[in-house]
Visitor: 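Submitted below is the structure of interest, expressed as structure tokens.
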Number of protein chains: 2
Amino acid sequence: MPETARISRIRSGRRTDIRQQNERLILDAAERVFAEAGFGGATMQLIADMAGLPKANLHYYFPTKEDLYRRVVQNIFEIWLDAASSFDDAAGPVEGIGAYVEAKMDISRRHPHGSKVWAAEVMHGAPVIQDYLETTLRQWTEGRMSVIQRWIDEGKMAPVDPRHLLYLLWATTQHYADFGHQIETLNAGQPLTDRQWREATESVKQIILRGIGAL
Amino acid sequence: MPETARISRIRSGRRTDIRQQNERLILDAAERVFAEAGFGGATMQLIADMAGLPKANLHYYFPTKEDLYRRVVQNIFEIWLDAASSFDDAAGPVEGIGAYVEAKMDISRRHPHGSKVWAAEVMHGAPVIQDYLETTLRQWTEGRMSVIQRWIDEGKMAPVDPRHLLYLLWATTQHYADFGHQIETLNAGQPLTDRQWREATESVKQIILRGIGAL
DNA sequence: TCGTTTCCTGACCGTATGGTCAATACGAAG
DNA sequence: CTTCGTATTGACCATACGGTCAGGAAACGA
């Protein structure tokens, strides 16, 4: 890869770079618009404006609105699944679930739009990612459930239903993204500060870890 | 009120009854459609079909789509606030929060559509109920927070941040409505049975009550 | 029975939106 | 410079949707 390629990548770079660059531009704008307006309320024109591209250009990269939406949802799902690693290499619930809560709270903060798109998709009956739910998510869930069950058997935590513990973890952490607007309104209209995010994370962690008898 | 009025109310009753009856028919259909398709994805035609009325008839009772939507959201908000009573007349966290969890889980089960509409509304930045958030909800929240704080001061529970405890309560209970489809998918595609709802409620209650040191 | 109010509804309209396309510009390779 | 595949874009189209309206049907009181 010659020097020139790296330098010119930023603006009007190589072919491949242009594609990647524009797709990212569009996906970022789409994520935001889908989150704020929903699939039905979002318009290709608005996404185009937000990405700084003509509408026809969007259809060049993403043939249909649904294609674009699908990509956005898939992106989120992957980020979401990556937080699993926190769970895996942990000796017990304090480290494992603690790290998982932290990872998911971090995602809620860094990808609030994505979280909302995901929530809306599920609320509408998962029209485009039903297969993911039935395959990947189901496997993931069963894997973690057995980890939790092992911890219970080893006496490292109280005997709570692993399934409902997982739901509780998802619900509480994602709430800070999905209901971020409500939280902000109840915070005198101000977004949470770094400190407040830390307090939120600690509160959630503390209640849950004590709740499962792991402290 | 003469006998005839009571009898004929069911079909083609009195004037006033017709209005009430049709408004309810429309509101129920609207709640469902808005929940499943979002505001933008919902169509007046679909709501009309689901209510078994011609589209023009909807506009007779509700001038615009937004008027109809607003009514749906307000309905939910009221149901949602009513669960507050569980909180009020309680001696301590075990009774108060326990009853609140039960009430909210019950709402999640009985009004899943309403819960989804509410969630979507908040996710989109609360375009039509922002004033409710800033007035009613804020007052409600502060009231309950001071109740929780009193319990803490009286040594009836551990010193957790009341605000984040409330968020955790909302998040976990509403999750069973908003993410009901995901839960159903992870439950072998079957809706939760009576027994499973009871188990879910108990799991949530147990984790939270132990988590706040009230058990 | 008659008059008045409420309710009902098919037909219609303007607009916004997703998507298409043909013409053009552009970058790279030879 | 020429060629060729990729990227760009304004103009355009068909459709679906929210909303209107006029004419008529019920329902009710007198």
Side-chain angles (χ1 to χ4, degrees), chain A residues 1-27 29-30 33-34 36-72 127-128, chain B residues 1-27 29-30 33-34 36-72 127-128:
Chain A
M1 191 183 293
E3 284 283 330
T4 52
R6 301 197 75 85
I7 291 169
S8 59
R9 188 192 296 173
I10 294 156
R11 187 82 194 129
S12 71
R14 287 189 334 202
R15 285 278 170 66
T16 325
D17 291 338
I18 288 184
R19 183 164 213 105
Q20 274 191 351
Q21 192 176 316
N22 281 343
E23 284 188 355
R24 178 108 317 268
L25 225 51
I26 295 167
L27 283 170
V33 174
F34 281 135
E36 287 172 356
F39 179 82
T43 71
M44 294 298 272
Q45 187 62 61
L46 190 59
I47 297 172
D49 292 347
M50 192 150 290
L53 295 171
K55 189 181 67 140
N57 210 345
L58 263 66
H59 282 100
Y60 173 73
Y61 289 105
F62 301 92
T64 71
K65 187 183 176 184
E66 198 175 317
D67 286 327
L68 178 52
Y69 175 75
R70 194 184 307 271
R71 279 285 298 275
V72 169
V128 322
Chain B
M1 191 183 291
E3 284 285 328
T4 52
R6 301 197 76 86
I7 291 168
S8 60
R9 189 190 298 174
I10 293 156
R11 186 80 195 132
S12 71
R14 288 188 333 200
R15 284 277 171 67
T16 323
D17 291 338
I18 287 183
R19 182 161 213 108
Q20 274 191 351
Q21 191 176 316
N22 281 342
E23 284 189 354
R24 178 110 315 271
L25 225 51
I26 295 167
L27 283 170
V33 173
F34 281 135
E36 287 173 356
F39 179 82
T43 70
M44 294 299 272
Q45 186 62 61
L46 191 59
I47 297 173
D49 292 348
M50 192 150 291
L53 296 171
K55 190 182 67 143
N57 210 345
L58 264 67
H59 282 100
Y60 174 72
Y61 289 106
F62 301 93
T64 71
K65 187 184 177 184
E66 199 175 315
D67 287 328
L68 178 53
Y69 174 75
R70 193 184 307 271
R71 280 284 299 273
V72 169
V128 322

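Letters A, B, ... are given to chains in the order of the sequence lines, protein chains preceding strands, and every chain is numbered from 1.
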Visitor: Taking all atoms of both residues into account, what is the closest heavy-atom pair of A:Val128 and A:Arg70, and its distance?
Guide: O-NH1, 3.9 Å
Visitor: A:Pro54: what forms a side chain to side chain contact (heavy atoms under 4.5 Å, CB included) with it, not counting sequence neighbours?
Guide: A:Asn57
Visitor: Could you tell me how far apart A:Phe34 (CZ) and C:dT17 (C1') are, to the nearest whole angstrom?
Guide: 13 Å
Visitor: Side chains of residues 40-51 of chain A: which donor-acceptor pairs under 3.5 Å do they make with residues two or more places apart or in other chains?
Guide:
unit_1	atom_1	unit_2	atom_2	d
A:Thr43	OG1	A:Leu46	N	3.0
A:Gln45	NE2	A:Asp49	OD1	3.1

Visitor: CD1/B:Ile26 to CD/B:Gln21 distance, rounded to the nearest 0.5 angstrom?
Guide: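 Nearest 0.5 Å value for the CD1-CD distance: 11.0 Å.
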Visitor: C:dT15 P sits how many Å from A:Gln45 CD, rounded?
Guide: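 The answer, rounded to whole Å, is 17 Å.
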Visitor: Please give me every residue in residues 48-55 of chain B whose heavy atoms get under 4.0 Å of an atom in DNA chain C, ordered by residue number.
Guide: B:Pro54
Visitor: Would you kindly give the CE-to-C1' distance between A:Met44 and D:dT9, to the nearest whole Å?
Guide: 15 Å
Visitor: Measuring to OP1 and OP2 of D:dG10, would you say a side-chain N or O of A:Asn57 lies under 4.0 angstrom away?
Guide: no
Visitor: Residues two or more places apart in sequence or in another chain: which of them pass ring pair (Phe, Tyr, Trp, His ring centres under 6.0 Å) with B:Phe39?
Guide: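 Scan of B:Phe39 (ring pair (Phe, Tyr, Trp, His ring centres under 6.0 Å), adjacent residues dropped) gives B:Phe34, B:Tyr69.
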Visitor: Roughly, in whole Å, what's the span from CG in A:Asp17 to C1' in D:dA7?
Guide: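 One finds 14 Å between C1' of D:dA7 and CG of A:Asp17, rounded.
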Visitor: Could you tell me the separation between the CD atom of A:Gln20 and the C1' atom of D:dT6, rounded to a whole number of Å?
Guide: 15 Å
Visitor: Could you state the interatomic distance from CG (B:Asp17) to CD (B:Gln20), rounded to the nearest 0.5 Å?
Guide: 6.5 Å
Visitor: Does C:dT6 have OP1 or OP2 under 4.0 Å away from a side-chain N or O of B:Arg19?
Guide: no
Visitor: Supply the atom-to-atom distance A:Ile18 CD1 to A:Leu25 CG, rounded to the nearest 0.5 angstrom.
Guide: 12.5 Å
Visitor: With the threshold set at under 4.0 Å for non-hydrogen atoms, list the residues of residues 59-67 of chain A touching DNA chain C in residue-number order.
Guide: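 Those residues whose heavy atoms fall under 4.0 Å from DNA chain C, taken from residues 59-67 of chain A in numerical order, are A:His59, A:Thr64, A:Lys65.
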Visitor: Using whole Å, report how far CG of A:Asn22 lies from C1' of C:dC26.
Guide: 14 Å
Visitor: A:Glu23 CD to D:dT6 C1': how many Å, rounded?
Guide: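 In whole Å, D:dT6 C1' and A:Glu23 CD are 13 Å from each other.
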Visitor: Among all residues two or more places apart in sequence or in another chain, which pass the ring pair (Phe, Tyr, Trp, His ring centres under 6.0 Å) test with B:Tyr61?
Guide: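 Residues passing ring pair (Phe, Tyr, Trp, His ring centres under 6.0 Å) with B:Tyr61: none at all.
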Visitor: What is the distance, rounded to the nearest whole Å, between atom CD1 of B:Ile18 and atom P of D:dA25?
Guide: 17 Å
Visitor: Within this structure, what is the CG-CG distance for the pair A:Leu27 and A:Asn22, rounded to the nearest 0.5 Å?
Guide: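 The CG atom of A:Leu27 sits 10.5 Å away from the CG atom of A:Asn22.
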